[in-house]
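Basis for what follows: all heavy atoms, side chains included, without hydrogens, waters or symmetry-related copies.
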Amino acid sequence: MTTAGDSIIIYERFRRLGAKELLDEIEAYNKLDCQSLAKCRDWLITLRPAGLAWPTEIAPEKVDPAREQKRIEAERRTAAHIQALTTGCGPEDRPWRTLLAYLLDFHRREAKPKYWAMFTRQEMEDEELIDDAECIGVLSPDPSRPPRAEKKSMVYSFTFPAQDFKMRVDDEVLRAGTLEPAGEIFELDEDERRISLKLGPKWSRIADGASLIPKGPLGDLVLRSAIQRYAETVIGDDSTRYRALTDIMKKSVPRLANQKAGAPIIEPGSDLLAGSVAALKRLDQSYMLIQGPPGAGKTYTSSHAIVDLLADKKRIGVASNSHKAINNLLKDVEAVAKEKGVSFSGIKGSSKEEQYFQGTMIADTDNNGAAAAQANHQLIAGTAWLFARPDLDQALDYLFVDEAGQVSLANVIAMGVSAKNIVLVGDQMQLSQPIQGAHPGGSGISGLDHLLAGLATVPPDRGIFLATTFRMNPDICRFISEAVYDGRLLSDPSAHQQRIDIGASTDETLAPTGLRFVAVDHAGFAQRCPPEAERLKQTYRALLGKTWIDRKGAKRTIGHDDILVITPYNMQVNHLRDVLHADARVGTVDKLQGQEAAVVLISMTTSSGEDMPRNIEFLYSRNRLNVAISRARCLSVIFVSPRLLEIPCHTIEQMQLVNTLCWAKDYSRRA
């Protein structure tokens with residue numbers, strides 16, 4: 001054990017095994033810290049001025065006895081479940097039952113860093129909050145925009161100094177220095193540094209100079225309880241309930257009616273959409289993976305499958321980590337249903353009006369549980385908090401989990417109690433789930449990562465791989481396919497004609513199609529790199545006014561909407577916005593995932609390994625590079641310091657990550 005994160009994992013192992021030597025290891029790790037603290041305290045006492053009185057008494061922290069008793073009972077119940085899961089089972093069941101035992105405490109572990117951060121920020125100075133990318137520091141009232149009414153609330157507007165931040169519209173925020181709500185972000189202009197906060201009638205207006213910090217984690221009791229319900233059936237040897245969840249935990253091959261062992265789920269050469277729908281209809285209380293690489297039509301496939309199942313009078317759930325992803329899928333479901341003449345009654349649960357879907361067949365409600373549990377709704381949509389409710393337990397025939405590569409295994413289990421069959425739709429080779437806690441035994445990964453266990457693509461007998469991209473020209477697709485998807489991803493014939501008419505361009509980096517690698521020499525830059533921005537600006541300006549041909553053969557003039565500019569860091573995002581046109585589409589991979597353009601320009605920004613503000617796993621992430629390059633229809637250009645290819649690696653995994661960037665350079669040279 002060498003880090004504080006290790007101590008968490010060792011302690012979880014002690015709770016499971018009860019081995020005293022594990023506690024001894026934790027004690028040895030912390031002994032020096034404790035001894036140093038005691039000596040520091042004794043030394044400070046020697047500096048105390050003579051005659052200075054001690055504080056008489058520190059008031060003890062007030063504890064709600066009833067709440068404390070509930071906490072103790074919950075911990076005892078979890079401990080009993082962990083003990084029952086990990087003892088008395090055969091060696092073939094011990095790995096997945098142990099993993100389930102770890103999942104029982106996933107949400108508690110995941111919430112701790114968020115609570116620690118929230119309380120730490122209460123003590124931070126304004127300058128520190130400005131430097132904290134999770135916050136927005138030092139607001140000043142905006143005299144050009146007076147307070148105004150918004151329904152039953154009031155909207156107050158402010159300006160703030162230049163800073164890097166991650167807050168977004170609809171986020172609920174707290175006032176720094178207190179735990180009081182500061183309202184909900186109603187409007188946010190990053191370029192003009194203006195923000196508007198919507199405050200309810202019971203909230204007091206924030207003062208001049210206040211800073212905003214993020215809220216703590218959402219309440220997760222319903223999620224924990226759902227995992228416990230499943231664990232209790234495992235402990236009780238009930239093999240008939242939650243069979244799909246047990247298949248997921250065991251990583252079993254999906255169970256389909258009339259399916260021969262080892263046979264592909266979809267026969268080679270058959271129609272992919274029809275085969276996918278047929279396979280889903282044959283699911284026998286099990287699960288299905290649908291892996292959709294960039295531009296491969298996972299939303300198209302999901303929406304058609306859902307409508308076919310609705311036509312068969314099946315009851316469907318639609319879930320994801322975000323309301324944006326849910327609404328995007330629901331939009332296509334309604335469109336396909338209208339096209340096919342399928343009518344149904346649907347409902348979407350949201351906690352805020354801004355998250356409503358506002359469809360024609362799917363109603364909205366902010367009363368998640370009661371309304372969604374009504375039997376007359378054939379389609380129900382919402383987040384994990386909705387589907388984990390006891391009144392929806394096993395109420396659905398199918399649960400579709402969109403963007404499943406960003407949904408934790410714990411949440412797949414929590415929401416999966418609602419359905420007899422579970423369909424995980426996503427791509428583990430794109431952006432993964434954000435995890436903050438330290439989780440032992442693989443309990444912190446996504447459902448897709450758990451099932452595929454390091455595989456880049458789903459095998460034919462374990463799920464459906466959407467092998468055709470309708471976005472990328474073959475010259476881009478070929479690199480993405482070889483570097484990321486085992487060579488299985490192909491470009492649809494309609495994408496072959498996508499190209500740029502570069503004409504007599506003076507910029508040697510431009511090409512009609514493919515991947516280009518532009519070396520930019522610079523030194524000492526970490527998250528903001530003016531030399532790279534200036535070189536990128538040359539290519540950006542050279543592209544404007546050129547012509548590109550889309551997949552239908554139509555000629556289009558390249559404007560600002562036809563170019564995406566991507567960089568790993570928000571500081572470089574802000575700098576690029578300053579040097580490029582005001583209408584330029586600039587952002588990080590996280591912000592631009594799901595978008596596309598004729599051309600993508602990528603600024604790697606960092607000068608060398610010595611200048612990296614974060615680890616190799618972030619800057620060289622194969623998943624992030626995949627998402628960045630694959631936004632392009634015709635051409636992707638990477639601007640990079642040559643010294644990033646010379647970084648020292650300490651593990652095989654780091655070598656593999658750096659190799660992907662080296663591969664991109666080699667591919668560009670051969671193109």
Side-chain angles (χ1 to χ4, degrees), residues 1-38 68-116 220-221 223-238 245-246 248-251 408-414 435-447 449-451 453-454 650-653:
M1 185 169 63
T2 57
T3 68
D6 292 342
S7 67
I8 297 173
I9 294 174
I10 294 294
Y11 181 68
E12 293 294 339
R13 192 175 300 162
F14 163 75
R15 292 182 64 190
R16 178 166 59 87
L17 301 176
K20 183 179 181 300
E21 56 267 25
L22 296 175
L23 280 186
D24 293 341
E25 189 174 348
I26 296 174
E27 181 184 9
Y29 174 73
N30 288 282
K31 186 175 182 179
L32 181 61
D33 287 348
C34 295
Q35 291 174 334
S36 300
L37 179 62
E68 182 67 8
Q69 184 61 33
K70 285 184 178 180
R71 183 189 65 79
I72 294 172
E73 291 175 357
E75 287 188 354
R76 287 174 177 170
R77 184 167 55 250
T78 299
H81 286 156
I82 291 173
Q83 180 72 15
L85 284 168
T86 55
T87 58
C89 58
E92 71 281 357
D93 288 329
R94 187 169 292 114
W96 73 268
R97 287 174 64 118
T98 300
L99 175 58
L100 178 56
Y102 286 139
L103 292 179
L104 287 169
D105 257 355
F106 169 86
H107 293 96
R108 178 186 63 82
R109 294 190 300 267
E110 186 65 11
K112 277 188 175 181
K114 299 175 184 177
Y115 279 121
W116 294 337
D220 53 26
L221 181 59
L223 304 179
R224 298 191 200 191
S225 298
I227 299 175
Q228 286 184 346
R229 288 204 305 277
Y230 169 56
E232 287 165 358
T233 64
V234 174
I235 294 168
D237 291 327
D238 182 354
L245 293 183
T246 300
I248 289 173
M249 291 299 301
K250 289 183 175 181
K251 303 182 185 179
S408 67
L409 175 61
N411 278 5
V412 169
I413 300 300
I435 287 291
Q436 297 189 27
H439 301 285
S443 59
I445 62 177
S446 73
D449 283 323
H450 164 73
L451 287 164
H650 304 288
T651 66
I652 296 296
E653 290 75 19

| query | Taking all non-hydrogen atoms of both residues, which atom of Leu104 and which atom of Ala231 are closest, and how far apart? | reply | CD2-CB, 4.0 Å
| note | Correct closest heavy-atom pair for Thr86 and Ala101 would be CG2-CB, 3.9 Å
Listed partners of [X] passing side-chain contact (heavy atoms from CB on, under 4.5 Å), at least two apart:
{"X": "Ile235", "answer": "His81, Ala84, Leu85"}
{"X": "Ser225", "answer": "Leu221"}
{"X": "Ser408", "answer": "Phe106, Ala410, Asn411, Gln433"}
{"X": "Lys70", "answer": "none"}

Could you state the interatomic distance from [atom1] ([X]) to [atom2] ([Y]), rounded to the nearest 0.5 Å?
{"X": "Ile413", "Y": "Arg229", "atom1": "CD1", "atom2": "CZ", "answer": "12.5 Å"}
{"X": "Tyr102", "Y": "Leu409", "atom1": "OH", "atom2": "CG", "answer": "14.0 Å"}
{"X": "Gln436", "Y": "Trp116", "atom1": "CD", "atom2": "CH2", "answer": "11.0 Å"}
{"X": "Thr98", "Y": "Asp93", "atom1": "OG1", "atom2": "CG", "answer": "10.0 Å"}
{"X": "Lys250", "Y": "Arg97", "atom1": "NZ", "atom2": "CZ", "answer": "9.5 Å"}
{"X": "Thr246", "Y": "Leu100", "atom1": "OG1", "atom2": "CG", "answer": "8.5 Å"}

| With no hydrogens and no angle check, is any side-chain donor or acceptor of His450 less than 3.5 Å from a backbone partner on Ile248? | yes
| query | Is a donor on one side and an acceptor on the other found under 3.5 Å between the side chain of Glu110 and the backbone of Gly437? | reply | yes
| request: With sequence neighbours left out, write down each residue that passes salt bridge (Lys or Arg N to Asp or Glu O under 4.0 Å) with Lys20, or none if nothing qualifies. | output: Asp24
| message | If the condition is salt bridge (Lys or Arg N to Asp or Glu O under 4.0 Å), which residues does Asp220 pass it with, not counting sequence neighbours? | response | Arg224
| task | May I ask you to test the Phe14-Ile10 pair for a side-chain heavy-atom distance under 4.5 Å? | result | no
| message | Do His439 and Ile435 make a side-chain contact, defined as non-hydrogen atoms from C-beta onward lying under 4.5 Å apart? | response | yes
Applying side-chain hydrogen bond (donor to acceptor under 3.5 Å, both in side chains), name anything that partners [X], two or more places apart in sequence or on another chain.
{"X": "Arg108", "value": "Glu12, Asp105"}
{"X": "Ser443", "value": "Arg109"}
{"X": "Arg94", "value": "none"}
{"X": "Glu27", "value": "none"}

| Hey, mind stepping through Trp96 and Val234 against side-chain contact (heavy atoms from CB on, under 4.5 Å) and telling me if it holds? | CA-CA 11 Å; Trp96 73 268; Val234 174; 3.7 Å; yes
Listing, residues 28-35 side-chain donor-acceptor contacts under 3.5 Å, not counting sequence neighbours, or none:
unit_1	atom_1	unit_2	atom_2	d
Tyr29	OH	Ala4	N	3.1
Asn30	ND2	Ile26	O	2.9

| field | Neighbour count above 12 (heavy atom, 6.0 Å) for Ile72 CD1 | value | yes
| message | I need the full list of salt bridge (charged side-chain N to carboxylate O under 4.0 Å, His left out) pairs touching residues 73-90, with sequence neighbours left out, sorted by first then second residue. | response | Arg71-Glu75
